[in-house]
Amino acid sequence: MKQRRLSLVLAGAASAAFLVGTSVAAPPAPAPVPEGPTYVYRVPAPLGQKAQDLLARGFDVLEQRDGDDLFVLGSKEVHTKLTSAGFTGTVESVMAPPASGLKTQGHGVNETYYGGYRTIKAHYAHLDQVSFRHPGLASVVDYGDSWRKTQGAGGYDLKAICITKKTHGDCKLAPNSRKPRLFVSAQIHAREITTGDMAWRWIDHLTTGYGRDAEVTTLLDTTEIWVVPIVNPDGVQIVQSGGDTPKWQRKNGNYTNGPKVCPTPEEDPYAQIGIDVNRNFDAQWGDNGTSSDPCSQVYRGPKADSEVETRALEKLFRSLYPDKRGPALTDPADADTRGMVITMHSALNVVLLPWGFTTKPSPNDGPLRSMAAEMARLAGGWEYGQPGELLYTAGGSIDDWVYGELGVPHYTWEIGNWEGDCAGFTPAYSCQDGHWAKVKPMLTYAAQKAAKPYGA
């Protein structure tokens, strides 16, 4: 795989460069480094043990690579932490201080924050509105509760919507369905707000297009589309609480396995409570790319499947897909396997395929890679490959659980990038039209491949 070189430039950020933790004498009258509070550090961490060591120490490592370098988010104090851990860091850019602003605007299905992004309340009102307006196409399914709700501390239901031209037996929680199924989820990492908007647009594209768009009509006549617009609502609640300054909460809201309060934003903007749901699945749990530090961005939790959000998703997957793969890592999925699962993330413009915990190819690598190549082509030329080929390896991910447990193809899409005006986790809402133009054909292709993904 050809490695793409990207220059990491954040919108609204001023570039700066200085070495962290070196003994090289500073040049005379160096230019002052802009104040953060948040920096992006370029850290030499080649694929392999060096990269895994960086993740294991709990740094907030972006899903971004430039040759042998990874990138870390953090405050000035991360200088010392990188040096103490044996890494050399260069300040790649300094993010402008956030501006204050409104919390939310509008009500119900129209409630938004940060210029147009929908709140959890709006997303759930949207699901209900769609199912009410299109009863022959859509059904809402409550598949569990968030951690906060289980504690009687607010929280939310966990909701999915099934969209198809409904006939007898459709949209049932039974693995032997009449139609093949595409499953799409968003905001498993709460701060990746682009993905929730892509889910909203996909739902509307399907339900308003049926009977008007021939491609959509054929798709819904033959396929069930399942969408979870917000996998991690407790985390999203924290994100949207910042209003026009969204908080960068990645994890869920469960603080019971560590301190109830992690370091303050002034001490470290990216130390936070919670558990990374995408490191908590029972698939090589605790392997590379995870942390045992409860305040780390990639904290894996006290044990596999410790989180209610994780267990609820696994139960939902088992109710939608039969197990079509043997127990050994070398067992391929059956040739007649049906279905497809897409988990949307941001921001890197890549398509990732199993395995994620190792650089060894999966037993279905050929067709998985072929479909990834087509998805990347439809997006306009994204990179594609295993996480360990492009970034780093990580255990406990949804990717490896879905494919490993059920044999169903799973892809992670990293939507967006870290350069230009629409960079990062929280791009301006106006950027979503450009993202949607790439994601819509990818989703359509994934749905069309659900009937026979490993076939011709």
Side-chain angles (χ1 to χ4, degrees), residues 104-142 157-166 170-171 179 181-188 192-231 233 236 240 340-346 375 378-379 413 415-416 422 427-448 450:
T104 61
Q105 293 181 292
H107 303 281
V109 74
N110 297 313
E111 186 178 79
T112 64
Y113 68 104
Y114 189 48
Y117 290 93
R118 278 76 168 201
T119 63
I120 303 168
K121 182 188 297 183
H123 271 283
Y124 284 3
H126 181 232
L127 297 184
D128 291 338
Q129 181 185 81
V130 166
S131 64
F132 176 78
R133 290 180 175 177
H134 305 277
L137 296 177
S139 300
V140 178
V141 175
D142 182 336
D157 295 329
L158 303 175
K159 290 191 175 183
I161 190 168
C162 174
I163 304 171
T164 191
K165 178 56 178 176
K166 288 195 285 189
D170 288 342
C171 293
K179 297 174 181 175
R181 287 163 163 159
L182 168 68
F183 188 102
V184 180
S185 68
Q187 288 191 265
I188 190 170
E192 296 168 14
I193 61 179
T194 286
T195 66
D197 191 70
M198 294 300 100
W200 181 295
R201 292 174 187 236
W202 178 234
I203 292 167
D204 281 353
H205 173 67
L206 295 173
T207 53
T208 62
Y210 186 82
R212 299 178 177 87
D213 181 310
E215 188 174 59
V216 169
T217 302
T218 299
L219 192 60
L220 295 187
D221 283 344
T222 60
T223 309
E224 285 184 20
I225 312 294
W226 287 74
V227 184
V228 176
I230 300 178
V231 170
V236 175
Q240 72 184 40
M340 181 83 69
V341 178
I342 305 296
T343 301
M344 296 188 291
H345 288 253
S346 65
M375 293 171 183
L378 290 167
W413 295 349
I415 304 164
C422 290
Y429 185 69
S430 59
C431 295
Q432 299 310 322
D433 288 344
H435 293 322
W436 176 239
K438 297 177 180 181
V439 170
K440 182 175 73 171
M442 297 169 72
L443 286 168
T444 301
Y445 170 78
Q448 291 168 341

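For this chain, numbers begin at 1 and follow the sequence in order.
Looking only at side-chain heavy atoms (C-beta outward), Tyr429 and Ile193 stay at 4.5 Å or farther from each other. You'll find the side chain of Val130 reaches within 4.5 Å of the side chain of Asp204, heavy atoms only. In this structure, Gln432 and Pro427 have side chains that are in contact, with non-hydrogen atoms separated by less than 4.5 Å. At a threshold of 4.5 Å between non-hydrogen side-chain atoms, the residues Trp413 and Val184 do not count as touching. Counting only heavy atoms from C-beta outward, the side chains of Lys179 and Thr223 never approach each other to under 4.5 Å.
Screening Asp197, Thr112, Thr104 for a side-chain hydrogen bond (donor to acceptor under 3.5 Å, both in side chains) with Arg118, the sole residue that qualifies is Asp197.
Partners of Gln448 according to the side-chain hydrogen bond (donor to acceptor under 3.5 Å, both in side chains) rule, which considers only residues two or more places apart in sequence or in another chain, do not exist here. In this view, Lys166 and Ser139 satisfy the side-chain hydrogen bond (donor to acceptor under 3.5 Å, both in side chains) rule, not counting sequence neighbours.
Judged as a salt bridge (charged side-chain N to carboxylate O under 4.0 Å, His left out), the pairs with a partner in residues 217-227 (not counting sequence neighbours) are, in order, Arg181-Glu224. For residues 123-136, no pair satisfies salt bridge (charged side-chain N to carboxylate O under 4.0 Å, His left out), with sequence neighbours left out. Every pair passing salt bridge (charged side-chain N to carboxylate O under 4.0 Å, His left out) that includes a residue from residues 433-446 is listed here, sequence neighbours excluded: Arg201-Asp433. Listed by first then second residue, pairs satisfying ring-ring contact (aromatic ring centres under 6.0 Å, His included) with a partner in residues 205-224 read Trp202-His205, not counting sequence neighbours.
Of all the heavy atoms in Ala446 and Met375, the pair that sits closest is CB-CE, 4.3 Å. Pairing each heavy atom of Val231 with each of Leu158, the nearest pair is O-CD2, 3.9 Å. Across all non-hydrogen atoms, the minimal contact from Pro441 to Leu378 is O-CD1, 3.7 Å. Between Leu206 and Leu220, the shortest heavy-atom contact is O-CD1, 3.6 Å. Considering all non-hydrogen atoms of both residues, Cys422 and His435 come closest at O-NE2, 4.4 Å.
The aromatic rings of Tyr114 and Tyr117 lie parallel to each other, with less than 30° between the two planes, well short of the 60° mark.
For the residue pair Thr119/Gln240, the side-chain donor-acceptor check at 3.5 Å is not satisfied.
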